[in-house]
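What follows is a short report on a single structure.
Not measured: the values here are computed from a predicted model. Labels below follow one simple rule: chain letters A, B, ... track the order of the sequence lines, proteins then strands, and each chain is numbered from 1.
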Amino acid sequence: MSAADTHASGQVTGGRPIGPPPASHRSATKGSGRTTPRNRQSRTLPYLLITPALLIMAGVLGYPLVDTIVLSFQDERRNNLWSGTAPPWVGLDQYTSVLGDGEFWGVVVRTVVFVVVCVLLTMSLGLLLALLMQRVSNWMRITMSSVMIAVWAMPLLVATSVFKFMFDSDYGLVNQLLTRLPGVDYTRHNWFLNGTSGMAIIAGLVIWGAIPFIAISLHAALTQVPKELEEAARIDGARGIGIFRFVTFPVIKPVFVMTSTLSVIWDFGVLGQILLMRNGHPEQDYQVLGLYSYTQAFTVNSFSRGAAISVITVLLLSGVSVYYLRQLLKIGEVE
Amino acid sequence: MSAAVKPGSAAGVTYHTPKKRRAGWNILGGITVVIMGFPVYWMIITALRPSQEILSYHQKLYPSSVTLNQFKRAMDMPNFWDNVKSSVIISAFSVIIAIGIGLLAAYAIGRFRFWGRRGLIIALLVIQLIPATSMLIPIYIQLNKAGGLNEYWGVIVVYAATTLPFSVWMLRGFIINIPKELEESAMVDGCSQMTAFRRVILPLLAPGLVAASIYALMTAWNEYLFAYVLLQDNDKYTLSVWLLDFTTQRGTDYGALMAGSILIALPVVIFFLFVQRKVASGLTAGAVKG
């Protein structure tokens, strides 16, 4: 399926009006020959097909995005929102104050470390699980995917509550189990007193919750790998890692790149888990970018400062994912 | 695609996975099931325990007695059934809209070359880079203007739009995996593009549609921040927001919370188990070669 093929069908076009309902169109095709009529419609058809998607995305995502950018150059506070008075323009003030704040850079570093750890662990464990699912018996594969769906289906709030309960200082199972080990006393140990151990538990929660999606997607991709290809490689003498690197991985690469990009994006946006784990008032040690923007907007009560932080986050994120975007674009181009 | 591996080294040994090796993999699979499943197990047994056993300094890995009391308490919570209704309405419509619209766009991107295609792909990818929560206030203001605040359709539109980019990207992947020749031969046989799409592509696309629907459904069913902000009446909230009721100033009612959580997660799990066979059979049916 080369680019030339797809171009060819687009070039042989006529002036046929687009989009008649399938039934009438079908009879029309029968009457007027074989291939030309469908080529005629293919100039306008793609635009017709993407219009609904464009409309809904422009309305719900595009406009608010522009609004966020506008907001970041103003000084909008809650009273502006409710009284309807126009917020004053402040130029780059929000940006200079955010970027000149040492606290902000601490948040940036914490976020990057958090995201890197989460994505690396999620992707590697997810891939290993997907490969494992391919090798187990049928019944075990069904068991594994059922468990993973159960994990995936758990609402964020629920998953967070379970972890909170397991790591509870008084009634938590983890403390009680650890205390049973000889010479270890974790009675009433508060995991969240220390920001690092608290963030580690939150990272565990995020990774645990994200693995099913990654593993199931990658497993679905693995089923697309032609068996003949692997067998041929095997007959040629390739083994385990060699087959994976040169036969299997190239086929699943698009899905791998896509899911890892999504992991980066989702882990950058982690907010609910921290908010709920810290009872709605996360300490300084728990601030990551997504949350920081939210806190500045709602607690500190400056929507514009929150908006500026969002814009900076998006810019940083695009910097990080330029590589991935290029990969995805390449994939989008080739097919 | 020649692997740099010594030729002739034990070729064909793993041609059919030997039983012994499969048993080893199964054990490894069992271990992951235990680790991944443990929090779920803990949720379930906490929901089945009497309250005094939940707040205990000596947690046991299995309940000493089983009671359905926590479920009863959860279901007796105010607005439970109203919120079930909202969750079902909001999820169903946002999935239908996201998948319907997404399929059209994915087909356009996957099968046609047109001016602006690259721009559209970039837009789809870039939109996903933006944390949706950062747009909460603008979306709120805009829905307020449009009269969509505290209305189901407001939340439905937001969910459909936020799941759309990924649904399009996912479906596009499935579409380009279907050989174009299948459509072409159908069209040579007299089908129009649309009929070929309906008769040839759509059945082969079933696993992709199921996968994308599951993604959209999970997102809509589990989301709570937008539902919490955009809806205002207690009886219009979705079940995720309803769960917040279990955490009060005096502490968390873990037993009822876990029971409520199970009630919420159950439909999604059942739905998936139900369609899982379709996914499998769809994949085998889709594996048409030549």
Minimum heavy-atom distance between [X] and [Y], given as atom pair plus value:
X: B:A105; Y: A:I50; answer: CA-CG2, 4.1 Å
X: B:P39; Y: A:F163; answer: CG-CE1, 4.0 Å
X: A:P46; Y: B:A108; answer: O-CB, 3.7 Å
X: A:D67; Y: B:P138; answer: OD2-CB, 3.6 Å

Which one of B:N222, B:I262, B:V40, B:L243 satisfies the side chain to side chain contact (heavy atoms under 4.5 Å, CB included) criterion with A:V158?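 Among the candidates, only B:L243 passes.
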Is it the backbone or the side chain of [X] that comes under 4.5 Å from a heavy atom of chain B, or both, or neither?
X: A:I241; result: neither
X: A:L55; result: neither
X: A:W152; result: both
X: A:V147; result: side chain
X: A:L65; result: both
X: A:A233; result: neither

Of all of B:A265, B:G37, B:A161, which one pairs up most often with chain A through heavy atoms under 4.5 Å apart?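 That would be B:A161.
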Which residue out of B:L244, B:T162, B:I97, B:V168 racks up the most heavy-atom pairs below 4.5 Å with chain A?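 Highest number of pairs under 4.5 Å: B:L244.
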[atom2] on [Y] to [atom1] on [X], rounded to 0.5 Å:
X: A:F165; Y: B:L257; atom1: CZ; atom2: CG; result: 10.0 Å
X: A:I265; Y: B:I127; atom1: CD1; atom2: CD1; result: 11.5 Å
X: A:I216; Y: B:Y215; atom1: CD1; atom2: OH; result: 14.5 Å
X: A:F213; Y: B:M218; atom1: CZ; atom2: CE; result: 10.5 Å
X: B:L164; Y: A:I56; atom1: CG; atom2: CD1; result: 6.5 Å
X: A:L49; Y: B:F112; atom1: CG; atom2: CZ; result: 6.0 Å

Side chain, backbone, both or neither: which part of [X] has an atom under 4.5 Å from a heavy atom of chain A?
X: B:Y159; answer: neither
X: B:Y57; answer: both
X: B:F166; answer: side chain
X: B:I54; answer: both
X: B:I264; answer: side chain
X: B:I139; answer: both
X: B:W221; answer: neither
X: B:L61; answer: side chain

Test side chain to side chain contact (heavy atoms under 4.5 Å, CB included) on A:L54 and B:L120; report intermediate values, then the result. CA-CA 9 Å; A:L54 283 183; B:L120 181 63; 3.5 Å; yes
Within-4.5 Å side-chain heavy-atom neighbours: A:K164 and B:Y254: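 A side-chain contact under 4.5 Å exists here.
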Side-chain donor-acceptor pairs under 3.5 Å in residues 26-36 of chain B, sequence neighbours left out?
| unit_1 | atom_1 | unit_2 | atom_2 | d |
| --- | --- | --- | --- | --- |
| B:N26 | OD1 | A:S137 | N | 2.9 |
| B:N26 | OD1 | A:S137 | OG | 3.4 |
| B:N26 | ND2 | A:S137 | OG | 2.6 |
| B:T32 | OG1 | B:G29 | O | 2.7 |

Between the side chain of [X] and the main-chain N/O of [Y], is any donor-acceptor distance below 3.5 Å?
X: B:Q59; Y: A:M166; value: no
X: B:Q142; Y: A:V60; value: no
X: A:R135; Y: B:R22; value: no

Please work out whether the ring planes of A:Y47 and B:F114 are parallel, tilted or perpendicular, with thresholds of 30° and 60°.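 The rings of A:Y47 and B:F114 stand perpendicular, inter-plane angle above 60°.
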Not counting sequence neighbours, which residues clear side chain to side chain donor-acceptor pair (under 3.5 Å) with A:N175? List them please.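 For A:N175, the residues satisfying side chain to side chain donor-acceptor pair (under 3.5 Å) (neighbours in sequence not counted) are A:W191.
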